[in-house]
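Data first, discussion second: the structure below is written as structure tokens.
All figures in this text were calculated on a predicted structure; none of them were measured in a lab.
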Amino acid sequence: GIVKIGAIAVPLDTRYTLHELTSLFNDSTPRMVISESPAMETVVAALPQFKYIEQVIEVGSKYEGQFPTYQQLMAASPAQPVNVEVKDEDTAHIAYTSGSTAHPKGVVLSHGNLVAHADSTVERFQQTEKDVNVLFALPLYHAFGLSILMISSFYVGITLVIFTGLSVSSLMEAIEREKVTLIMGVPYTFGLLVNWADKEGIKNDISSLRYGVSGGSALPNSFAQRFKQHFDRNLIQIWGLTEGIAQDTSQAIDGSDKPGSSGKALKRWEMAIVDDNGRELPANTPGEVILRGPFMTGLYNNPEATAATIKNGWLYTGDIARLDEDGEIFILGRKKDIIIIKGQNIHPIDIEDVLYRHPEVAEAAVVGIDDEVRGERTKAFVVLKDGQTATDRELKDFCREYLARYKIPHEVVFVDSLPRTSSGKVRKEDLKQSG
């Protein structure tokens, strides 16, 4: 509704603290705040300090009489078409990708950006209005849930089934009941699914399901293999970033792309791999991914950061990858995530992929820890499957079978869970600080 009238939508995480919200409010200076009652508790007492906020609308009734409610406005408003013309270049959405920092990073997306992205997404996924998508554990303030799933579903008239919680049994029941054709999620989501299937088996009718889509972070090959084994469906990997709207590459839905790749660029997009000086690198040489296409119009209130990110018509992503001779991309990690030991670059995903192959390992994350002698040392955080045991030496010996000596983790730490963002990505900075 906000976007339809030509206003700018700024979706925010309801779990942000007042400190975080203050930073984001002061950056975006919203005129109106719309919130469900529980989320308003964080900010309601501080509202007078935000002089630019002219109106608050409550979805609920906890503060009845203090603010107009959404329900009251809907009941009093006529169901007439809204005749507001918007242009492709008009801003529709500001997506904050680091709201908890002192320097908010607001990605500015236009109406044209969102429409182009939706069209490219449904074309690659071969979706029609007959499909049924399910939104499970993907927040709608995040690009994955909002752009890849919700907006793309609405664009082509797909039925979207939304429910909260992380109950895998409820998800399986929903797939059967609603005849779901596509499920999207982060690798963590599919880890829950395949671990559940290991224990319970597939007892629901999932004949309607066409395939699964994993994004947000690198998908361990073992997850895709186990998903195929249990569900008899392909689990395809996508890659993208909020600055690139959401999704910029995807494997083919028939599973024909190479294991470990994130597929090829969607239509409207070009990709290249460059070195630190912006020179294009040959096939299969690791470097930074740059994109050309309908990416963000800029970073809100931050022309310096925009200029550092968009150069000569290309978006510099900060992701390290290699592009093979067939145009398939293999994501290796973030530029800042590279671990350097004695001058040797190590991509954490190389070690993580091997750890995921171990039959007792449920999850793994590898980080670099400062080391006076080596520069850095590798530390692996491992979550074991329920009821399984393993030792530091056992996992190191396992890695020796697949990795060069310098890539073997210096230390393996067993943990009950990995810290994650609300979008499912592992918080590697938290792991580094704990090390």
Side-chain angles (χ1 to χ4, degrees), residues 1-14 16 21 23-36 39-40 43 47 50-59 67-97 99 104-122 135 139-158 160 162 242-247 268 293-303 305-306 310 315:
I2 294 168
V3 172
K4 190 175 179 67
I5 64 168
I8 301 171
V10 187
L12 299 178
D13 189 343
T14 57
Y16 281 155
L21 290 172
S23 175
L24 297 177
F25 282 178
N26 287 338
D27 191 62
S28 59
T29 59
R31 293 175 60 190
M32 178 180 291
V33 173
I34 305 172
S35 174
E36 290 186 309
M40 289 183 66
V43 74
L47 282 172
F50 306 115
K51 305 300 182 184
Y52 39 76
I53 296 178
E54 301 172 10
Q55 182 69 69
V56 175
I57 297 174
E58 178 188 9
V59 183
F67 308 112
T69 70
Y70 178 77
Q71 293 84 346
Q72 291 168 344
L73 292 174
M74 290 295 289
S77 301
Q80 294 178 349
V82 176
N83 296 316
V84 177
E85 290 189 16
V86 294
K87 299 176 182 177
D88 282 352
E89 61 269 24
D90 290 344
T91 299
H93 176 204
I94 298 175
Y96 281 100
T97 63
K105 185 180 177 183
V107 175
V108 181
L109 304 177
S110 69
H111 288 263
N113 288 152
L114 297 177
V115 171
H117 178 268
D119 185 65
S120 298
T121 295
V122 299
L135 192 149
L140 285 173
Y141 55 81
H142 188 269
F144 197 164
L146 181 70
S147 298
I148 300 177
L149 194 48
M150 190 183 78
I151 293 177
S152 296
S153 296
F154 293 169
Y155 175 78
V156 77
I158 293 168
L160 182 61
I162 303 175
T242 306
E243 293 87 339
I245 317 306
Q247 176 190 198
R268 298 185 177 89
F295 52 69
M296 67 171 184
T297 61
L299 295 169
Y300 195 65
N301 285 339
N302 203 332
T306 299
I310 302 173
L315 176 71

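The salt bridge (Lys or Arg N to Asp or Glu O under 4.0 Å) check on E58 picks up nothing, with sequence neighbours excluded. For F144, the side chain to side chain contact (heavy atoms under 4.5 Å, CB included) criterion is met by L138, H142, I148, M184, V186, I238, not counting sequence neighbours. Under the side chain to side chain contact (heavy atoms under 4.5 Å, CB included) criterion, D27 pairs with Y96, P104, Y300, N301, not counting sequence neighbours.
Among all heavy-atom pairs drawn from H111 and K87, the shortest one is CB-O, 3.8 Å. Among all heavy-atom pairs drawn from L114 and S147, the shortest one is CD2-OG, 4.0 Å. The minimum heavy-atom distance linking A9 with V3 is given by the pair CB-CG2, 4.1 Å. The two residues L315 and M296 have their closest heavy-atom pair at CD1-CE, 4.1 Å. Here the closest heavy-atom approach between residue S153 and residue L149 is recorded as OG-O, 2.6 Å. In terms of heavy-atom proximity, Y52 sits nearest to N26 at OH-OD1, 2.6 Å.
Of the possible donor and acceptor atoms, none in the side chain of T242 sits under 3.5 Å from a partner among the backbone N and O of A143. Side chain of R268 to backbone of P294: no donor-acceptor contact under 3.5 angstrom is found.
When the shell of 6.0 Å around CZ of R31 is examined, it contains 12 or fewer heavy atoms from other residues, nucleotides or ligands. Within a 6.0 Å sphere centred on OH of Y141, other residues, nucleotides and ligands contribute more than 12 heavy atoms. Environment of CD in Q55: crowded, with over 12 heavy atoms of neighbouring residues, nucleotides or ligands closer than 6.0 Å.
Summarising the geometry, atom CG belonging to L299 is positioned 7.0 Å from atom CD1 belonging to I310; distances are rounded to the nearest 0.5 Å.
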Evaluate F25 against V33 for side-chain contact (heavy atoms from CB on, under 4.5 Å), listing each step before the verdict. CA-CA 10 Å; F25 282 178; V33 173; 4.2 Å; yes
